[in-house]
Each structure stands twice: as structure tokens, then as C-alpha cells.
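Naming: A, B, ... by sequence-line order, numbering from 1 per chain.
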Amino acid sequence: AQSVTQLGSHVSVSEGALVLLRCNYSSSVPPYLFWYVQYPNQGLQLLLKYTSAATLVKGINGFEAEFKKSETSFHLTKPSAHMSDAAEYFCAVSDQGFNKFYFGSGTKLNVKP
Amino acid sequence: EAQVTQNPRYLITVTGKKLTVTCSQNMNHEYMSWYRQDPGLGLRQIYYSMNVEVTDKGDVPEGYKVSRKEKRNFPLILESPSPNQTSLYFCASSTGGRGEQFFGPGTRLTVL
């Protein structure tokens with residue numbers, strides 16, 4: 001089975017600072033990779049998706065993620081944090097059949113004024 | 001409006017009392033899935049369905065049942081709930097496993 005590791009259950013940055021949320025997956029063959037965001041008391045919303053078309057994936061709200069096969073990583077970044085980015089972020093991976101999904105434990109992003 | 005709806009949103013019940021959480025989507029999606037979210041564990045997939053009458057187990061199916069008799073509906077059934085099933089449950093749908101999953105608002109279940 002796949003597994004996803006998100007380093008850091010809580011990350012705190014100042015408004016305007018770089019956001020870096022880490023995600024590592026376990027697989028010898030790159031599957032689909034996703035980043036989702038969850039705002040308080042809401043369901044999850046897709047930020048971006050890696051499908052092997054390009055290693056640098058741009059998503060909504062200024063977020064992007066880079067797929068690095070050699071490091072089995074898919075870290076999420078945003079150059080300048082905004083207060084509205086405060087939320088919980090989940091990295092997820094699909095299996096080869098694209099039916100099963102495995103989520104990381106999540107990283108709560110706090111943005112300080 | 002395209003959406004996934006879940007009912008109820010909140011439920012408190014007692015051990016052993018059968019319950020059903022409904023999930024409905026209006027996007028004509030073939031793929032639907034149920035997840036539970038627990039602190040520190042992220043989301044874990046319970047069951048998924050690739051189409052009507054086609055369902056399969058996810059990572060944590062024990063204690064749950066599902067059915068997919070219609071394309072739009074995918075109810076989650078707990079025949080005999082236990083306290084370890086206290087959790088936040090999400091239903092999701094997509095055009096297929098490769099597509100974006102659209103999540104419902106969640107159902108917070110407490111089993112006493």
C-alpha cells in the first residue's frame with residue numbers, strides 16, 4: 001500500500017513569508033499526487049494535481065508544487081503567505097488503479113500578521 | 001449548483017444502534033468514495049465505488065457497509081456502531097479516479 005508522510009503537523013509563518021509544506025510518498029512508480037486544502041468546518045478542496053505531464057505544478061491561490069522522483073517528494077510552496085491561507089493542508093497519492101487514495105496526516109498552516 | 005450533500009451533518013448515537021449516513025451528488029459522477037478523518041491520521045478511505053453496483057474496500061472498511069444502487073447516491077451504513085467509529089466522515093465524488101474529487105461538508109458522528 002502507498003503511504004504519505006507530511007513533516008510538521010503545524011507550520012507557522014508570517015504574512016508575506018514563504019510557505020513550504022513538505023510531503024513525501026512511498027512508491028517506486030510515480031502515481032498521481034494531490035494537494036488538498038481544508039478550511040475550518042469545511043470539506044476538502046483540490047489545490048493542485050500532479051499527473052506526470054510536468055514536474056512543476058501550479059495550482060489555485062498562488063500555490064505550486066514540484067515533483068521530485070529522486071527524493072519521492074511533492075512539497076507545496078507559495079512565495080508570499082496571506083492571512084486567508086490559514087487552513088489545514090493534505091497531501092494525497094493514488095494507487096496505480098486510480099481508485100484508492102492515501103492521505104497524509106495533514107499540516108495546519110498558521111499565518112501571523 | 002454542483003455539490004455533494006451529506007445528511008445528517010451531526011449525529012450522536014449509542015453503541016449498536018444501526019445508522020445510515022446519506023451522500024448524494026448532482027454532477028453525474030461515476031466515482032464516489034467515503035473517508036473518515038481523525039486527528040493526527042488525516043483521511044482514510046473506507047469504501048469506494050467506480051459505478052452503480054460496483055464497490056470495493058478502501059483502507060479501513062471494517063464495521064462499515066455501502067451500496068450504490070443509483071449513480072447519484074452512495075450511503076454509508078454502520079450496522080452496529082462502536083465508540084471507535086466516532087469520527088468526521090466525508091463523502092467525495094469525481095468523474096473517475098484520475099479526476100478531482102469533490103468533497104461533501106462532512107458528518108460528525110459520535111458513538112457513545
Note to self: Enumerate the side chain to side chain donor-acceptor pair (under 3.5 Å) contacts for residues 99-108 of chain A, please, sequence neighbours excluded, ordered by first and then second residue.
What the structure shows: A/Q6-A/T107
Item checked: Contacting region of B/L41 [heavy-atom separation from chain A under 4.5 Å] -> backbone
Checklist line | Close contacts, residues 101-112 of chain B versus chain A, judged by heavy atoms under 4.5 Å | finding: B/Q101, B/F103, B/G104, B/P105
Checklist line | Hphob cluster co-occupancy, B/I46 + B/Y31, side-chain heavy atoms under 4.5 angstrom | finding: no
Check: With no hydrogens and no angle check, is any side-chain donor or acceptor of A/T77 less than 3.5 Å from a backbone partner on A/L20?
Finding: no
Notebook entry, point to check: Quick one: does B/N26's side chain have a donor or acceptor within less than 3.5 Å of a partner on B/E1's backbone?
Noted result: yes
Margin query: Taking transitive links into account, so neighbours of neighbours count too, which hydrophobic residues share a cluster with B/Y10 at under 4.5 Å side-chain distance?
Written below: none
Item checked: Which atoms of A/F101 approach chain B - backbone, side chain, both or neither, heavy atom under 4.5 Å -> both
Next item on the list: Flag the one option from A/S94, A/G43, A/G106 with the top tally of heavy-atom pairs under 4.5 Å to chain B.
Entry: A/G43
Donor-acceptor list for residues 59-69 of chain B side chains, cut-off 3.5 Å, not counting sequence neighbours:
unit_1: B/Y64; atom_1: OH; unit_2: B/R36; atom_2: NH1; d: 2.9
unit_1: B/Y64; atom_1: OH; unit_2: B/Y89; atom_2: OH; d: 2.6
unit_1: B/K65; atom_1: NZ; unit_2: B/E79; atom_2: OE2; d: 2.9
unit_1: B/R68; atom_1: NE; unit_2: B/E70; atom_2: O; d: 3.4
unit_1: B/R68; atom_1: NE; unit_2: B/K71; atom_2: O; d: 3.2
unit_1: B/R68; atom_1: NH1; unit_2: B/E30; atom_2: O; d: 2.8
unit_1: B/R68; atom_1: NH1; unit_2: B/S49; atom_2: OG; d: 2.7
unit_1: B/R68; atom_1: NH2; unit_2: B/H29; atom_2: O; d: 3.2
unit_1: B/R68; atom_1: NH2; unit_2: B/E30; atom_2: O; d: 3.0
unit_1: B/R68; atom_1: NH2; unit_2: B/K71; atom_2: O; d: 2.8

Next item on the list: With A/Y89 as reference, evaluate A/F34, A/W35, A/F63 under the ring-ring contact (aromatic ring centres under 6.0 Å, His included) test and give the passing residue.
Entry: A/F63
